[in-house]
Amino acid sequence: MLDQIHWLAAVTVLGVLEQAYFFLQVIYARRLFGISPPKISGPPEFERIFRAQVNSSEYFPIFLVLLWQAGLFCHQGLAAALGLLYLCARYCYFMGYKTSSSQRLTPMYFSAGVLWILIALSALGILHFFLSHYVGLNILQLLTA
């Protein structure tokens, strides 16, 4: 079983480490700009870092669910590769947003596109499972015949 999920687990750990890095960036920015919790407003430089971290945190559960569904029901390697692309795009998003709010847009759209691909793979994989398991219809054999 582990050989079927090891890439998904590795990408998950990388994602958690990325989230930790984003959290640490907010802590550093709070110290740099003298903004104590629970305040969330301050100079634009701080607010961009804070928003980048919060936005990334909001999408992280969605990413994890789609990563694992696509990996388990479709293909582990493809899902893991897409997961790495997503994490790279979120890192670029964070760094771009840290610099300027306009520099977040391209990586934001790219990461959203990756999520849509993961949604499609998840849906197709789950559909294939239900059709083959409950109806006895293997759509993969029909497509390759």
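Atoms considered below: every heavy atom in the structure, side chains included; atoms not considered: hydrogens, waters and symmetry mates.
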From CA spacing to verdict: side chain to side chain contact (heavy atoms under 4.5 Å, CB included), Val54, Ile40: CA-CA 11 Å; Val54 169; Ile40 58 171; over 6 Å; no
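- Note that CG of Leu85 is 9.5 Å distant from CG of Leu118, once rounded to the nearest 0.5 Å.
- For the pair Arg31 and Tyr28, the cation-pi criterion (under 6.0 Å, within 45° of the ring axis) is not fulfilled.
- A heavy-atom distance below 4.5 Å is found between the side chains of Ser57 and Gln19.
- In this structure the side chain of Tyr97 never reaches within 4.5 angstrom of the side chain of Pro107, judged on heavy atoms.
- Annotation: the span from His128 atom NE2 to Leu137 atom CG amounts to 8.5 Å, rounded to 0.5 Å.
- Using cut-offs of 30° and 60° for the angle between ring planes, the Tyr134 and Phe129 rings count as perpendicular.
- Annotation: the span from Met95 atom CE to Arg90 atom CZ amounts to 12.5 Å, rounded to 0.5 Å.
- At least one side-chain heavy atom of Gln76 sits under 4.5 Å from a side-chain heavy atom of His6.
- Note that CZ of Phe50 and NZ of Lys39 are 12.5 Å apart. Values are rounded to the nearest 0.5 Å.
- In this structure, Ser56 and Phe60 have side chains that are not in contact, with every pair of non-hydrogen atoms separated by 4.5 Å or more.
- How far SG of Cys74 is from CD of Gln69: 11.5 Å, rounded to the nearest 0.5 Å.
- Tyr86 and Leu105 are not part of a single hydrophobic cluster, where members link through side-chain heavy atoms under 4.5 Å apart.
- Listed for the Arg104 side chain is no donor-acceptor partner under 3.5 Å among the backbone atoms of Ala52.
- Surrounding CH2 of Trp68 are more than 12 heavy atoms belonging to other residues, nucleotides or ligands, all under 6.0 Å away.
- Note on ring orientation: taking the six-membered ring where Trp is involved, the planes of Phe22 and Tyr91 are parallel (angle under 30°, cut-offs 30° and 60°).
- Residue Leu24 places its CG atom among more than 12 non-hydrogen atoms of other residues, nucleotides or ligands, all under 6.0 Å distant.
- Cluster membership for Ile49 and Leu32, using ILVMFWY side-chain heavy atoms within less than 4.5 angstrom, is shared.
- How far CG of Leu84 is from CG of Leu67: 9.0 Å, rounded to the nearest 0.5 Å.
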Residues Tyr93, Asn55; criterion side chain to side chain donor-acceptor pair (under 3.5 Å); working and verdict: CA-CA 10 Å; Tyr93 166 84; Asn55 289 348; 2.6 Å; yes
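- Taking the six-membered ring where the residue is Trp, the centroids of Tyr59 and Phe63 are separated by 6.0 Å or more.
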